[in-house]
Amino acid sequence: MTDAIHHFIEQYGLLAVFFGCVAEGESAAILGGFFAHQQVFVLWHAFVAAALGAFVGDTFFFILGRSFADHRYVVRLRKRPGFRRAFRLLNTHPNIFVLLNRYVYGMRLVGGIAAGLSRITVQRFVMLNALSSTIWAVLFGTIGYVFGLGAEHIVGQALAHHERLLIALAIGLAVAVAAWFVAHHGARKQRARES
């Protein structure tokens, strides 16, 4: 059983990190770093998967805003409470907004669409988004890797490799759930303030 789980994570773990980072993604990037520490895959591979996923996700939302401004899905997103504030910040400080948008939980989708609807050029957005995605992936991947160091000290190095992997999976999932909960709670507070 543990061999099958280990093989599955080795085969599809980086793909899961990529797709997890296409969405909101902090948890996926943290798990990528955590499993890199467990030597399931190489750390820089986890960084690349997370950065590419974040870049693709934000670029997709940008294109959605730029090309489908009148689509009912985009129109509905434009009615969200945070959209007006995001659009205002984007038009006053476009570089800072694109660089920092991904760090505010729940704003990546709205921020990407707002960027697509703004006057920012495609080249400028892509360049700033690539830089931001890279920094973000290294930051959250490193958090996962460092957490793996701490978990190894707690669990101990004497456990068998497969037992460590199962414990790492459980701890990594717990960290991902905790990170999601904290971010979700912060986003809910932010929406309450904006309402």
Side-chain angles (χ1 to χ4, degrees), residues 17-33 46-147 175-195:
V17 170
F18 171 82
F19 283 114
C21 291
V22 167
E24 287 294 331
E26 290 85 359
S27 302
I30 290 170
L31 279 173
F47 289 162
V48 170
L52 286 175
F55 178 81
V56 167
D58 287 355
T59 303
F60 171 76
F61 296 132
F62 176 83
I63 291 169
L64 194 63
R66 180 68 44 110
S67 302
F68 301 100
D70 296 327
H71 190 274
R72 60 187 166 104
Y73 178 71
V74 174
V75 170
R76 189 172 60 229
L77 284 172
R78 290 166 69 176
K79 293 178 182 176
R80 279 187 168 182
F83 184 84
R84 281 187 296 267
R85 183 168 185 226
F87 196 69
R88 189 173 57 247
L89 285 170
L90 180 60
N91 285 316
T92 55
H93 306 290
N95 294 342
I96 293 171
F97 182 87
V98 173
L99 287 171
L100 299 179
N101 180 52
R102 79 179 56 262
Y103 296 94
V104 180
Y105 182 81
M107 286 297 292
R108 275 182 68 188
L109 170 69
V110 171
I113 289 175
L117 294 169
S118 74
R119 295 183 306 261
I120 193 167
T121 64
V122 173
Q123 296 85 353
R124 188 175 179 188
F125 177 82
V126 167
M127 192 172 65
L128 292 169
N129 186 32
L131 177 63
S132 180
S133 297
T134 302
I135 293 168
W136 178 88
V138 170
L139 174 68
F140 283 96
T142 301
I143 289 170
Y145 191 86
V146 169
F147 184 79
V175 168
V177 167
W180 177 85
F181 179 76
V182 168
H184 184 70
H185 182 69
R188 203 167 53 216
K189 278 186 171 180
Q190 178 71 22
R191 283 193 297 269
R193 270 186 263 144
E194 291 175 357
S195 296

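Keep in mind that what you see is a predicted model, and the values were worked out from it rather than measured.
Looking only at side-chain heavy atoms (C-beta outward), Leu128 and Phe97 stay at 4.5 Å or farther from each other. Residues Phe87 and Leu117 have side chains in contact (heavy-atom distance under 4.5 Å, counting atoms from C-beta outward). In this structure, Leu90 and Val98 have side chains that are in contact, with non-hydrogen atoms separated by less than 4.5 Å.
For Phe125, the ring-ring contact (aromatic ring centres under 6.0 Å, His included) criterion is met by Phe62, not counting sequence neighbours. Listed by chain and residue number, Arg124 satisfy the side chain to side chain donor-acceptor pair (under 3.5 Å) test with Asn95 (two or more places apart in sequence, or in another chain). Residues passing the side chain to side chain donor-acceptor pair (under 3.5 Å) test with Ser132, sequence neighbours excluded: Arg102. Applying the side-chain contact (heavy atoms from CB on, under 4.5 Å) rule to Arg84 yields no partners; only residues at least two apart in sequence or on another chain are considered.
Taking SG of Cys21 as the reference point, atom CH2 of Trp136 lies at 4.0 Å (rounded to 0.5 Å). Taken from CD1 in Ile30 to OG1 in Thr142, the straight-line distance is 11.0 Å, to the nearest 0.5 Å. Rounding to the nearest 0.5 angstrom, the gap separating the CD1 atom in Ile113 from the OG atom in Ser118 is 12.5 Å. Going from atom CG of Leu139 over to atom OG1 of Thr134 covers 12.5 Å, rounded to the nearest 0.5 Å.
Under a cut-off of 6.0 angstrom, the local environment of CZ in Phe68 is sparse, with at most 12 non-hydrogen atoms contributed by other residues, nucleotides or ligands.
The side-chain hydrogen bond (donor to acceptor under 3.5 Å, both in side chains) contacts involving residues 59-69 comprise Thr59-Asn129, where partners must be two or more places apart or lie in separate chains.
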Please tabulate, for the side chains in residues 71-78, all donor-acceptor contacts under 3.5 angstrom to protein atoms that are two or more places apart in sequence or on a different chain.
{"unit_1": "His71", "atom_1": "ND1", "unit_2": "Tyr73", "atom_2": "N", "d": "3.0"}
{"unit_1": "Arg78", "atom_1": "NH1", "unit_2": "Ala69", "atom_2": "O", "d": "3.2"}

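The two atoms that bring Gly33 and Ala46 nearest to each other are N-CB, 4.3 Å, heavy atoms only. Closest of all the heavy-atom pairs between Ser133 and Ala51 is CB-O, 3.6 Å.
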